[in-house]
Amino acid sequence: MSLLVVGSIGLDDVETPRTKRTNLLGGSAVYFAIAARFFTPVQMVGVVGEDFPAEHRQLLADRDIDLEGLEVAKGKTFRWSGKYLENMVDRETLRTDLNVFGEFDPKLPPAYRTADYLFLANGHTSLQLKVLDLMEQRPKFVVADTMNLWISTTRSELDILLGRIDALVLNDSEARMLTEEHELLRAGRAIQKMGPSIVVIKKGEHGALLLSHDDCFILPAYPLDEVIDPTGAGDSFAGGIMGWVASSNDITPVGLRRALLYGTVAASFTCQGFSLDGLLNIDRKDVDKRCREFREMLQLPA
Ligand code: AMP
């Protein structure tokens, strides 16, 4: 089944207590696509400026990501820079320059307009709504991500979006901000009342909570010896989930539990390398092997 993503494609500057690197290929749609491509072909809609390096574009093309929907606009590419604290969990956003992403007017190639699965990755809420409007038919399953910036600056559009999607993926602090509920279960249920029947709340190193219809499921994060760089973990988590559901075409509560496992494993690989390295140096066999190991770890005697 076809999978379409729209989101940021950009240049990241990332600083951890041990390393600092600049001009890295990043963006919500990029991390998503690089994780989802293990499971299914990915169509990508986004915009970059004239300064976007040819090797970044090539890297995506080499991974069979469909770039027909990637526009090159006059101006500069989206840029983000972040700095991790010693605990490698908390992060300070140093800069977000939307540049050409801020005025992006998406155009969908005809082949994209009938996608079965649509992921509205982190980006301006009005862009997410526009892409939904451009679809020729409503996709079978529409999932969105959002963040504190958009919750505080585009709340009325976000309320409309929530009424039009099947699932929302967001982190714990964003869920609390959106609902003004502290307990995550209450926050998740409150979001379900706002529209999406499925809510996934990410809790970083503590895993994720999935509410789908009446089902409630929790999954810890895959334990790692060392976290090198968690940038993009949330987007690749969503990529693993959506890549799996698009390939299995299973959006039942049980299918979604399984998808959460693939999302968690994809995110773990992201954290193990700097930037995209952790995802670029593996293949589907590595993902499946880690899923088997994780399943073993999760055995709970009756
Ligand atoms: P994550 O660590 O999962 O939050 O994802 C980090 C990625 O999201 C980076 O590669 C950034 O380029 C991108 N990003 C950061 N802020 C934004 C934003 N406001 N809108 C869209 N993408 C963003």
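First listed ligand is number 1; within each ligand, the first listed atom is number 1.
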### Message
For Asp288, give me all partners under salt bridge (Lys or Arg N to Asp or Glu O under 4.0 Å), at least two apart in sequence or on another chain.
### Response
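For Asp288 the salt bridge (Lys or Arg N to Asp or Glu O under 4.0 Å) partners, ignoring immediate neighbours, are Arg284.
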
Less than 3.5 Å apart, N/O on ligand 1 and N/O on the protein: could you list those pairs with the distances?
from	atom 1	to	atom 2	distance (Å)
ligand 1	2 (O)	Arg91	NH1	2.8
ligand 1	2 (O)	Gly232	N	2.7
ligand 1	3 (O)	Gly234	N	3.1
ligand 1	3 (O)	Asp235	N	3.4
ligand 1	3 (O)	Asp235	OD2	3.1
ligand 1	4 (O)	Arg91	NH2	3.0
ligand 1	5 (O)	Asp235	OD2	2.7
ligand 1	10 (O)	Asp12	OD2	2.5
ligand 1	10 (O)	Gly27	N	2.8
ligand 1	12 (O)	Asp12	OD1	2.7
ligand 1	12 (O)	Gly27	N	3.3
ligand 1	22 (N)	Ser8	OG	2.8

#### Entry: Within residues 64-77 or reaching into it, pairs that qualify as salt bridge (charged side-chain N to carboxylate O under 4.0 Å, His left out) - sequence neighbours excluded
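Those involving residues 64-77 are Glu71-Lys107.
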
### Task
Among residues two or more places apart or on two chains, list those pairs meeting salt bridge (charged side-chain N to carboxylate O under 4.0 Å, His left out) that have a residue in residues 178-190.
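For residues 178-190, and leaving out neighbouring residues, the salt bridge (charged side-chain N to carboxylate O under 4.0 Å, His left out) pairs sorted by first residue read Glu181-Arg186.
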
#### Entry: Short side-chain to backbone donor-acceptor contact, Ser2 and Asp116, under 3.5 Å
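A pair under 3.5 Å: yes.
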
### Message
When you compare the side chain of Phe38 with that of Asp286, does any pair of heavy atoms fall below 4.5 Å?
### Response
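Heavy-atom side-chain distance check fails, nothing below 4.5 Å.
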
### Task
Over 60° means perpendicular and under 30° means parallel, so classify the ring planes of Tyr117 and Phe141, tilted if in between.
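The rings of Phe141 and Tyr117 stand perpendicular, inter-plane angle above 60°.
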
